[in-house]
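Remarks on the structure that follows.
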Amino acid sequence: MTLAITNTLTGKKEPFKPLGDPVTMYVCGMTPKDRPHLGHAFMFVHMDVIRRYLEYRGFAVRHIQNFTDIDDKIIDRARAAGRDPLDWSREYTEAYFDVMDRLRVRRAHEYPLVTANIPGIMEDVQELIDAGHAYPTSTGVYFDAATFEDYGALSGRTEEDGAAGARIAVDDEKRDPRDWAVWKLDNESSVAWDSPWGRGRPGWHIECSTMIRRTLGEQIDIHGGGADLMFPHHENELAQSEAATGCQPFVSYWVHTGLVLTDGEKMAHSLGNFTTTADVLTDVPPDVLRLYLLGVHYRSTLQFSMEAIEQTRTGYDRLVAVTRARGGNAEGDGSVLESEGSAARQAFESAMDDDFNAPRAIGALFEFGRAINRLAPSCSAADVEKAQGTLTSLLGVLGIELREPDTASDDATPFIDLLVQLRQQLREARQWELADRIRDDLDALDVVLEDKPDGTVWRRG
RNA sequence: GGCGACGUAGCCAAGUGGUAAGGCGGGGGUCUGCAAAACCCCUAUCCUGGGUUCGAUUCCCAGCGUCGCCUCCA
């Protein structure tokens, strides 16, 4: 079985054939204008898993992710708040790292910024003009969509669609309604650069074309982003890049993640209906949130609900419980458990090979967890530990760790131990009523007691 | 209006031309002093109507519904 990836450009699942070593992966990052919401978390966690799985499969991956640290929205918001735009975008860039680090999204190898790539952007704009793909007007420099034959291929839009759908104010200077700015003239903003076409800043799409070219080259393996970036962002990026470099295809696999919906509508900063990732993480452990986000295929729409996250929390706790299983028979035959382990790995890989089907992979891991619990009593400690190791390492490929609630720095521990001992004596004296009361009262304090054949164990609920 | 996606049990969610993973919840058991945990069993005519087929939830058409994109967007 080989890895196959759905490519938005063709709409088909295609065998993965990297251009070279390392695999080049570019993920469209945030425009840091507000705190990252669950839609961002969904996208970045899935992209993280894609990278992790490629590495698990033995590919070296070079992962670049940008920040569009200057754009119209950032300028508007900063101005409304009386703040410096770059200071504003830095603040939310930090907010991104803060939350994604906690979610264990691995850091990209490089995070290019628009503001640090202005000379390169200007070079590319000039190149497009020289090649006849872009032209200056009184408001900026525009890409001439008609000069790019395949325009519309990525989003499946024809020329007529584009013309009919052009809902922005008509700009008489534009040669075609589909044309877009690669350079915007602006003398008002504090954030602007002098250019051969006048003072201004880059248009929205050109930065990615430039940064990809400068960091990864003219052709890359994987380009990821949310489905809402397909058009116009990626469509325009593709046109610019191929027009500038002449290399085709610009991207081997266009990978788009589904959108997160809340109350039946897209979660978005602009709609004001977002739940921030940080808010969820105040009472949901990062691993639970990851498991929740990965419970939906990356291309699907996720209908966010707190109820579903809570359901995931219970499931996660069951996986954690698997790590508590202990072998019960030193002489036991571990071969059955071992074959369960290899079956689980096989199921996991075949699911992930099939367009990174994390939900199916997770299903296989739950089944394996059940097998470990079932077989542990008849297996040796070493066999059980080995199986648990397989489980945790496969979960690790998804970036999920199994953690007991933290009790390390718990002042109450000696007192709880004392109560448990006391209760044990009561049980031996068959004082069930008192013993049960201690158990119930501790339970109310989130301390769960379990009476096992060889003694009572407790843990934080 | 144009283009596209989706509609699977109470909830979340995979999947397949030959009668449907997994998780949560619910029911019943085993174990236990009783519990808890764990394990076992049960819990879906796959939106509707046509068509293709020996056979469709899976392919095609239509309808209904939901959502997305159509230059803010992950």
Side-chain angles (χ1 to χ4, degrees), chain A residues 11 27-31 33 36-44 46-47 71-73 76 152 155-158 160-168 177-181 203-205 224-233 235-236 256-261 264-271 291-292 295-297 299-303 305 307-319 321-322 324-325 347 351 354 357-367 370-377 427 430 432-433 435-436 439-440 443 448-453 456-459 461:
Chain A
V27 177
C28 264
M30 279 188 75
T31 300
K33 60 178 184 294
H37 56 60
L38 285 173
H40 299 107
F42 180 78
M43 199 279 272
F44 292 115
H46 275 282
M47 287 298 158
D71 88 326
D72 297 7
K73 281 280 150 114
D76 291 348
S155 57
R157 242 161 265 265
T158 63
E160 299 75 56
D161 293 336
R167 66 181 183 190
I168 53 163
R178 301 174 300 172
D179 296 355
W180 66 92
W204 175 30
H205 320 293
D228 51 354
L229 293 184
M230 249 154 67
F231 187 89
H233 185 56
E235 189 73 69
N236 293 356
H256 290 103
T257 57
L259 300 179
V260 172
L261 265 46
E265 121 185 301
K266 182 173 110 172
M267 186 179 287
H269 285 146
S270 56
L271 297 172
L291 187 61
Y292 170 68
V296 182
H297 184 81
R299 284 195 171 262
S300 300
T301 301
L302 172 69
Q303 178 75 53
S305 88
E307 186 197 354
I309 292 183
E310 288 308 322
Q311 293 177 353
T312 303
R313 188 201 293 265
T314 313
Y316 175 79
D317 289 343
R318 273 215 22 228
L319 289 174
V322 175
R324 290 197 291 265
D354 186 10
N357 194 326
R360 212 168 88 206
I362 289 168
L365 297 184
F366 268 98
E367 285 185 275
R370 200 172 348 111
I372 293 174
N373 282 330
R374 183 179 61 242
L375 297 169
R427 290 182 70 215
R430 301 188 160 269
W432 306 125
E433 207 171 307
D436 289 352
R439 184 176 62 199
D440 292 345
D443 188 66
V448 180
L449 268 54
E450 291 176 21
D451 296 328
K452 307 248 172 158
T456 300
V457 297
W458 67 270
R459 60 188 161 83

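Chain naming here is simple, since letters A, B, ... match the order of the sequence lines and numbering starts at 1 in each.
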Distance-only donor-acceptor test, [X] side-chain atoms vs [N] base atoms, 3.5 Å:
X: A:D451; N: B:rC34; answer: yes
X: A:R427; N: B:rG33; answer: yes
X: A:R439; N: B:rA35; answer: yes

Could you work out which one of [options] sits closest to the side chain of [X]?
X: A:D436; options: B:rC70, B:rC34, B:rC12; answer: B:rC34
X: A:R459; options: B:rG68, B:rG15, B:rA37; answer: B:rA37
X: A:E265; options: B:rA74, B:rA21, B:rG68; answer: B:rG68
X: A:A308; options: B:rC12, B:rA37, B:rG68; answer: B:rC12
X: A:Q311; options: B:rC69, B:rC39, B:rG23; answer: B:rG23
X: A:L261; options: B:rC67, B:rC70, B:rC11; answer: B:rC67
X: A:R318; options: B:rG25, B:rG23, B:rC72; answer: B:rG23
X: A:F231; options: B:rC11, B:rC69, B:rA14; answer: B:rC69

Seminar exercise, completed: Heavy-atom closest pair (A:V448 atom, A:D443 atom, distance to 0.1 Å) is CG2-OD1, 4.0 Å
Exercise. Do the rings of A:H205 and A:W180 sit parallel, tilted or perpendicular, given the 30° and 60° boundaries?
Worked result: perpendicular
Would you tell me if any nitrogen or oxygen in the side chain of [X] comes within less than 4.0 Å of OP1 or OP2 on [N]?
X: A:K452; N: B:rA35; value: no
X: A:S305; N: B:rC12; value: no
X: A:R370; N: B:rG23; value: yes
X: A:N373; N: B:rC39; value: yes
X: A:R374; N: B:rC40; value: yes

Going from [atom1] on [X] to [atom2] on [Y], what distance comes out if it is rounded to the nearest 0.5 angstrom?
X: A:L302; Y: A:M43; atom1: CG; atom2: CE; result: 14.5 Å
X: A:I309; Y: A:L291; atom1: CD1; atom2: CG; result: 11.0 Å
X: A:W432; Y: A:R427; atom1: CH2; atom2: CZ; result: 6.0 Å
X: A:I372; Y: A:E367; atom1: CD1; atom2: CD; result: 12.5 Å
X: A:L259; Y: A:D228; atom1: CG; atom2: CG; result: 5.0 Å

[X] has an atom [atom1]; how far is it from atom [atom2] of [N], in whole Å?
X: A:F366; N: B:rC39; atom1: CZ; atom2: P; result: 11 Å
X: A:R360; N: B:rA14; atom1: CZ; atom2: P; result: 11 Å
X: A:L375; N: B:rC40; atom1: CG; atom2: C1'; result: 13 Å
X: A:H256; N: B:rC69; atom1: NE2; atom2: P; result: 13 Å
X: A:Q303; N: B:rG10; atom1: CD; atom2: C1'; result: 16 Å
X: A:E307; N: B:rC12; atom1: CD; atom2: C1'; result: 8 Å
X: A:D354; N: B:rA21; atom1: CG; atom2: C1'; result: 13 Å
X: A:I362; N: B:rA14; atom1: CD1; atom2: C1'; result: 11 Å

Distance between [atom1] atoms of [N] and [M] (Å, rounded):
N: B:rA9; M: B:rG15; atom1: C1'; answer: 15 Å
N: B:rU52; M: B:rU45; atom1: P; answer: 27 Å
N: B:rC60; M: B:rG68; atom1: C1'; answer: 24 Å
N: B:rU57; M: B:rU19; atom1: C1'; answer: 10 Å
N: B:rC11; M: B:rG26; atom1: C1'; answer: 12 Å
N: B:rA13; M: B:rG29; atom1: P; answer: 32 Å
N: B:rA20; M: B:rU58; atom1: C1'; answer: 11 Å
N: B:rU30; M: B:rC46; atom1: C1'; answer: 34 Å

Taking a pair as Watson-Crick or G-U wobble with both distances under 3.5 Å, which nucleotide is matched to [N]?
N: B:rU30; result: B:rA38
N: B:rC69; result: B:rG2
N: B:rA74; result: none
N: B:rG10; result: B:rC24
N: B:rU58; result: none

Determine the contact category for [X]: base if any of its heavy atoms lies under 4.0 Å from a base atom, sugar-phosphate if only primed atoms, P, OP1 or OP2 are that close, otherwise nothing.
X: A:E367; result: sugar-phosphate
X: A:M267; result: base
X: A:S300; result: sugar-phosphate
X: A:G39; result: base
X: A:V457; result: nothing
X: A:L229; result: sugar-phosphate
X: A:T257; result: nothing
X: A:G224; result: nothing
X: A:L291; result: nothing
X: A:H297; result: sugar-phosphate

For this session: Taking A:H46 for its side chain and A:V296 for its backbone only, find out whether a donor-acceptor pair lies under 3.5 Å.
Result: yes
Problem set entry | Given RNA chain B, 5'-ward residue of the pair A:M30 and A:A321, judged by closest heavy atom |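 Closer to the 5' end of RNA chain B: A:A321.
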Exercise. RNA chain B: A:M230 or A:S155, which has the more 5' nearest nucleotide?
Worked result: A:S155
Exercise. Taking only residues two or more places apart in sequence or in another chain, which ones pass side chain to side chain contact (heavy atoms under 4.5 Å, CB included) with A:M267?
Worked result: A:H37, A:L38, A:V260, A:T262, A:N273, A:F274, A:T275, A:F304
For this session: Check salt bridge (charged side-chain N to carboxylate O under 4.0 Å, His left out) between A:R374 and all other residues, then give those that pass, not counting sequence neighbours.
Result: A:E340
Exercise. If you measure from the ring centre of A:W432 to the centre of the six-membered ring in the base of B:rG33, is it under 5.5 Å, with the planes under 30° apart?
Worked result: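 Whether judged by distance or by angle, A:W432 passes, so it stacks on the base of B:rG33.
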